Amino acid sequence: RMLMPFFLLGAINSFVDGLALIQMFSSYGWKTFNFIPVDVLLCIFLCEFTRSLASWRIIKMVLPVSQFENGYQELPGAPGLARPLGGP
C-alpha cells in the first residue's frame, strides 16, 4: 500500500532537486563542486533518483496485469453492458 507514495515522493523530490542542480551548474559551472552543500544535494538527488527507479520497477512487478486492454474493470455487482442504462 505504501509503495506508490514512496515512488511519487521520490520522483517529485528528484525532479525538483535535479532542476536545482541544473540551475546551479548552468549559472556557476563546475565551480559548484567546491561547495559541500552542492555535493550533498547531488548525493541526495542520486539517492532519490535510484529510489524512484527501483520502486517503479517493483511497482511494475507487483501490480497485476489487467486482462482488459484499457485497464478498466467492472466492479462486482455493477450493471452489465447487456442491460440498457436506466433499466431495472
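What's counted below: heavy atoms across the whole structure, side chains too, no hydrogens, waters or symmetry copies. Because the structure is a prediction, the values reported are computed rather than measured.
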For a quick test of your reading: what N or O donor-acceptor pairs under 3.5 Å do the side chains of residues 16-26 make, sequence neighbours left out?
{"residue": "Ser26", "atom": "OG", "partner": "Ile22", "partner atom": "O", "Å": "3.0"}
{"residue": "Ser26", "atom": "OG", "partner": "Gln23", "partner atom": "O", "Å": "3.0"}

Name the atoms and distances for all side-chain donor-acceptor pairs under 3.5 Å in residues 38-52, with sequence neighbours left out.
{"residue": "Glu48", "atom": "OE1", "partner": "Ser14", "partner atom": "N", "Å": "3.4"}
{"residue": "Thr50", "atom": "OG1", "partner": "Leu46", "partner atom": "O", "Å": "3.0"}
{"residue": "Thr50", "atom": "OG1", "partner": "Cys47", "partner atom": "O", "Å": "3.0"}
{"residue": "Ser52", "atom": "OG", "partner": "Glu48", "partner atom": "O", "Å": "3.3"}
{"residue": "Ser52", "atom": "OG", "partner": "Phe49", "partner atom": "O", "Å": "2.8"}

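- Within the 4.5 Å cutoff, no side-chain heavy atoms of Arg57 are placed close to those of Leu53.
- Atom CD1 of residue Ile12 and atom CZ of residue Phe7 lie 9.0 Å apart, to the nearest 0.5 angstrom.
- In terms of the ring-ring contact (aromatic ring centres under 6.0 Å, His included) criterion, Phe35 has no residue partners (sequence neighbours excluded).
- Note: the hydrophobic cluster containing Met4 also contains Trp56 (ILVMFWY, side chain heavy atoms under 4.5 Å, direct or indirect links).
- Cluster note: Leu9 groups with no other residue, as no ILVMFWY side-chain heavy atom lies under 4.5 Å from it.
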